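Accompanying notes for the structure given below.
Values reported hereafter were calculated over all heavy atoms of this structure, with side chains retained and with hydrogens, waters and symmetry mates removed. Atoms within a ligand are numbered from 1 in the order they appear, just like the ligands themselves. Bear in mind the structure is a predicted one, so any value in this text is a computation, not a measurement.
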Amino acid sequence: MNAPLLRTRGLGMRFGGLQAVADLDLETWPGEILGLIGPNGAGKSTTFNLIAGAMRPTSGVIEFDGHAMVGRPTHDFARRGIMRTFQHNKPFESMSLADNVKVGMHTRLPLSLWQVLAAAPATQSVEAKAARRAEELLEFVGLGEWVHADVGTLSFGQGRLLEIARALAGEPRLILFDEPAAGLTAAECERLAGIIGRIAAQGIAVLLIEHDMRFLMALAHRVAVLNFGRKIADGTPAEVQAHADVVRAYLGNVEALSNA
Ligand SMILES: Nc1ncnc2c1ncn2[C@@H]1O[C@H](COP(=O)(O)OP(=O)(O)OP(=O)(O)O)[C@@H](O)[C@H]1O
Ligand SMILES: [Mg+2]
């Protein structure tokens with residue numbers, strides 16, 4: 001716990017004339033849930049794209065487990081254990097849930113994705129292990145009954161849980177959730193909060209973007225606030241909610257904060 005797992009310094013992303021992320025210093029520790037909040041367009045998803053290696057920053061440093069990551073290929077980020085879920089679900093339709101989860105394992109298994117899915121004889125023990133692990137993960141997110149079901153039969157909320165199982169299949173050390181509660185019912189939100197809490201309790205670092213302040217403030221150990229790409233506050237949920245700049249950034253939406 002004495003060194004952060006992820007550390008960014010002076011991280012910046014410029015799109016033409018737009019500075020979407022500016023001079024951002026972030027740190028996350030194993031087992032910690034760090035909330036990332038800010039108004040629409042504040043640069044939260046862009047920050048995730050940088051940390052997941054999907055975009056190369058125009059300035060700054062990303063260290064993961066002591067390794068300098070900027071400039072490495074995207075799959076290196078996944079291989080080191082940085083996994084994400086997306087703001088919009090992207091399941092592979094017409095595949096079973098178990099196969100969708102196995103797709104998430106291919107960053108770790110010593111086999112290509114197609115070998116895993118085709119289960120050639122030489123790969124059968126690996127395939128059996130992968131199938132067991134997929135089942136375990138689907139049970140962990142509460143989809144144990146639907147292991148062999150087709151993804152097309154899932155509700156929206158179940159699709160979200162499947163995406164989490166798929167991210168966990170890559171054995172993350174850091175997992176990035178981009179608005180996981182969006183579109184979920186109150187009961188589904190409660191279940192999701194439990195799952196995220198149990199993920200962190202396993203020692204996985206969690207970075208959580210969420211507009212639902214009640215959900216986020218109850219779950220996060222620490223919260224960083226972005227506004228126009230810059231971090232304007234970083235502290236416990238109570239500290240951040242009392243921060244004048246944060247209230248100002250949310251002006252017109254102060255209710256969202258006081259709801260928490
Ligand atoms: N690929 C891109 N090319 C150009 N501009 C982009 C790109 N991605 C994001 N932006 C811009 O960067 C800014 C930050 O966007 P980003 O999606 O990171 O915000 P956000 O905080 O996730 O917002 P939201 O809460 O609406 O999801 C916005 O002005 C957005 O239009
Ligand atoms: Mg976003």
Among Val21, Asn40, Leu18, the residue with a heavy atom nearest to atom 26 (O) of ligand 1 is Asn40
Gln241 side chain vs Pro237 backbone, donor-acceptor pair below 3.5 Å:
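Yes, because the side chain of Gln241 sits within donor-acceptor range (under 3.5 Å) of the backbone of Pro237.
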Under a 3.5 Å distance rule, please check whether Lys44 uses its side chain to pair with a backbone N or O of Pro39 as donor and acceptor.
yes
For the Mg ion (ligand 2), does an N/O/S atom of Ser45 lie at less than 2.8 Å?
yes
So, 4.0 Å and heavy atoms of Met13: is ligand 1 close enough to count as a contact?
no
With a 4.0 Å cut-off on heavy atoms, is Gly38 in contact with ligand 1?
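False for this residue.
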Return yes or no for this condition: an N or O of Ala20 is under 3.5 Å from an N or O of ligand 1.
no
Return a yes/no value for Phe15: is any of its N or O atoms, backbone included, closer than 3.5 angstrom to an N or O of ligand 1?
no
Atoms of ligand 1 less than 4.0 Å from [X] heavy atoms?
X: His211; result: 25 (O)
X: Thr46; result: 9 (C), 14 (C), 15 (O), 16 (P), 18 (O)
X: Glu179; result: 25 (O), 27 (O)

Glu27/Arg9 salt bridge by N-O under 4.0 Å criterion:
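Salt bridge present between Arg9 and Glu27.
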May I ask you to decide whether Asp65 forms a salt bridge with Arg173, counting only side-chain N to carboxylate O separations under 4.0 Å?
yes
Heavy atoms, side chains only, cut-off 4.5 Å: are [X] and [Y] in contact?
X: Arg222; Y: Trp29; answer: yes
X: Met217; Y: Val240; answer: yes
X: Phe140; Y: Ile199; answer: yes

